[in-house]
Amino acid sequence: MTTWLSSLPNFLWGASTSSHQIEGFTDNDWTRWEKSGHVADHTRSGRATDHFRNPDPDLQLFHQMGWNAYRLSLEWSRIEPEPGHFSATAMAQYRHILLTLRALGITPVVTLHHFTLPTWFADRGGFFCPAADTHFLTYVAYVVEKFRDLASLWITINEPMVYAVMGYGQGVWPPGQTSLIKTRRLARRLVALHRESYRRIKELAPHAMVGLAHHLAIFEPYTQSWTDKTLARFVDTSFNWRFVEEIDAYQDFFGLNYYTRQWLKTSHGLQPVTTKPGVPVTDMGWEIYPDGLYHLLMRASRYQKPILITENGIATEDDTQRQRFLLEHLDRVAAAQRDGAEIRGYLHWSALDNFEWAEGYRPRFGLIAVDYESLRRTPRDSALLYRAVIRANQNRSGPINVPR
Ligand code: GCO
């Protein structure tokens, strides 16, 4: 396979964020959702980490942490606050961010849609509106044309299945609907939209590498009963793999987000049980299960695309737990490489503590701690440990080397 990504000399090491979670003062469907009291403790994202107004110190810090890649998302609602009206100010600031990253030797990985929508688009029905494709593709073409000189790695949609399930199945994210049928229909629409976006980006930037960030989880039967096993297989196929199959011809790399394992129990229906008694969990209540990353990397490598781990991380107040999490997961990445998976990068979630959607600011996912009062940034020991791992692997080819 000779692709731009596989010809990259170095493994991509870095971390990920998304616009709404760090930028502050965005005006989109999530801002409205927060105002109507849907987030834990009535939290609003507010100024968040204030990154958009003042990005430079963060970008410098990312460089100091040894990263050669950084995944960010563009906030559609900032760029196109009214249909067809593009904000020169927002575009100039994103250009500045991309230019600064490049000057620091950091490869940007740019996500076009990370959960949030401009309110005008949400009001027309979001991705169900009849002109949804036209609107989204206009935005995509606009930003790709403006930034194709600065970015070559593009992610169209972040976690389409999570987006569909949370907003249209479980109703805990905007627009708060609870319909299985709509969840399925939305997933199908996003498949079509991804394919169209892929084509459009490749027309505008033929050398760009375009993919999607798939959220994959391990789904296992809670008991060994035939019904639990069947349910687990069904959820694994419909949540993890159906979308992947449908867009496989339209991705140049496989973007993989991995966090946890979940259990299926017939009495709970399609809603997985997040843990079993006695397993180690994060502050999100998610099981810590590094082997899951190995299994999913091996499974994803069947698609014969270079794999980019676009998210993997832990919410915890205890940084020693984060350090352990990091090493254990990197160790599983190395094992998958030794067993033949072509993995081209690891982007930890997250660069900074940030606004964790319906959970608000409580979960701490950052390699870099943020004091939300003073806005002071402090790299955690896990960030320093990560830097040591990155340094030890600089200019190495072959499987990464992870200290034990
Ligand atoms: C997601 C997103 C991130 C989250 C992260 C932790 O997976 O929901 O890509 O925005 O913040 O995964 O939950």
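Keep in mind it's a predicted model, so treat the numbers as computed, not measured. The figures here come from the full heavy-atom set of this structure, side chains too, leaving out hydrogens, waters and symmetry mates. Whatever order the structure lists them in is the order used to number ligands and atoms, beginning at 1.
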Within reach of ligand 1, part of Asn354 (heavy-atom separation under 4.0 Å)
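No part of Asn354 comes within reach of ligand 1.
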
Counting only heavy atoms not in Lys146, do more than 12 fall under 6.0 Å of its NZ?
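Not buried by this count: 12 neighbours or fewer within 6.0 Å.
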
Among all protein non-hydrogen atoms, which one is nearest to [atom], and what is the separation to 0.1 Å?
atom	answer
atom 11 (O) of ligand 1	Glu356 OE1, 2.6 Å
atom 1 (C) of ligand 1	Glu159 OE1, 2.9 Å
atom 9 (O) of ligand 1	Glu311 OE2, 2.6 Å
atom 10 (O) of ligand 1	Gln21 OE1, 2.7 Å
atom 5 (C) of ligand 1	Tyr259 OH, 3.2 Å

Any non-hydrogen atom of [X] lying under 4.0 Å from ligand 1?
X	answer
His114	yes
Val162	no
Trp286	yes

Please tell me if the side chains of Arg344 and Ile309 come closer than 4.5 Å, counting only heavy atoms from C-beta onward.
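Side-chain contact under 4.5 Å: no.
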
For ligand 1, which atoms sit closer than 4.0 Å to a heavy atom of [X]?
X	result
Phe115	1 (C), 2 (C), 8 (O), 10 (O)
Phe365	6 (C), 13 (O)
Asn158	2 (C), 9 (O)

Describe, in one word, how the ring planes of Tyr259 and His215 are oriented to each other, choosing from parallel (under 30°), tilted (30 to 60°) and perpendicular (over 60°).
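Tyr259 and His215: parallel rings.
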
In terms of ring plane angle, is the pair His38 and Trp33 parallel, tilted or perpendicular, where the classes change at 30° and 60°?
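Plane angle under 30°, so parallel.
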
I'd like to know if Arg32 and Asp27 make a salt bridge, using a cut-off of under 4.0 Å between side-chain N and carboxylate O.
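Judged by the 4.0 Å cut-off on N to carboxylate O distance, Arg32 and Asp27 do not form a salt bridge.
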
Suppose we screen for side chain to side chain donor-acceptor pair (under 3.5 Å). Which residues come up paired with Thr223, at least two apart in sequence or across chains?
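Only Ser225, Asp228 meet the side chain to side chain donor-acceptor pair (under 3.5 Å) criterion with Thr223.
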
Side-chain donor/acceptor pairs under 3.5 Å, residues 134-145, sequence neighbours excluded:
{"from": "His135", "atom 1": "NE2", "to": "Arg124", "atom 2": "NH1", "distance (Å)": "3.4"}
{"from": "Thr138", "atom 1": "OG1", "to": "Thr134", "atom 2": "O", "distance (Å)": "2.5"}
{"from": "Tyr139", "atom 1": "OH", "to": "Leu112", "atom 2": "O", "distance (Å)": "2.8"}

Check for me whether Arg261 meets the cation-pi criterion with Tyr289, that is, NZ or CZ under 6.0 Å from the six-membered ring centre and within 45 degrees of the ring axis.
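Checked: cation-pi criterion met.
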
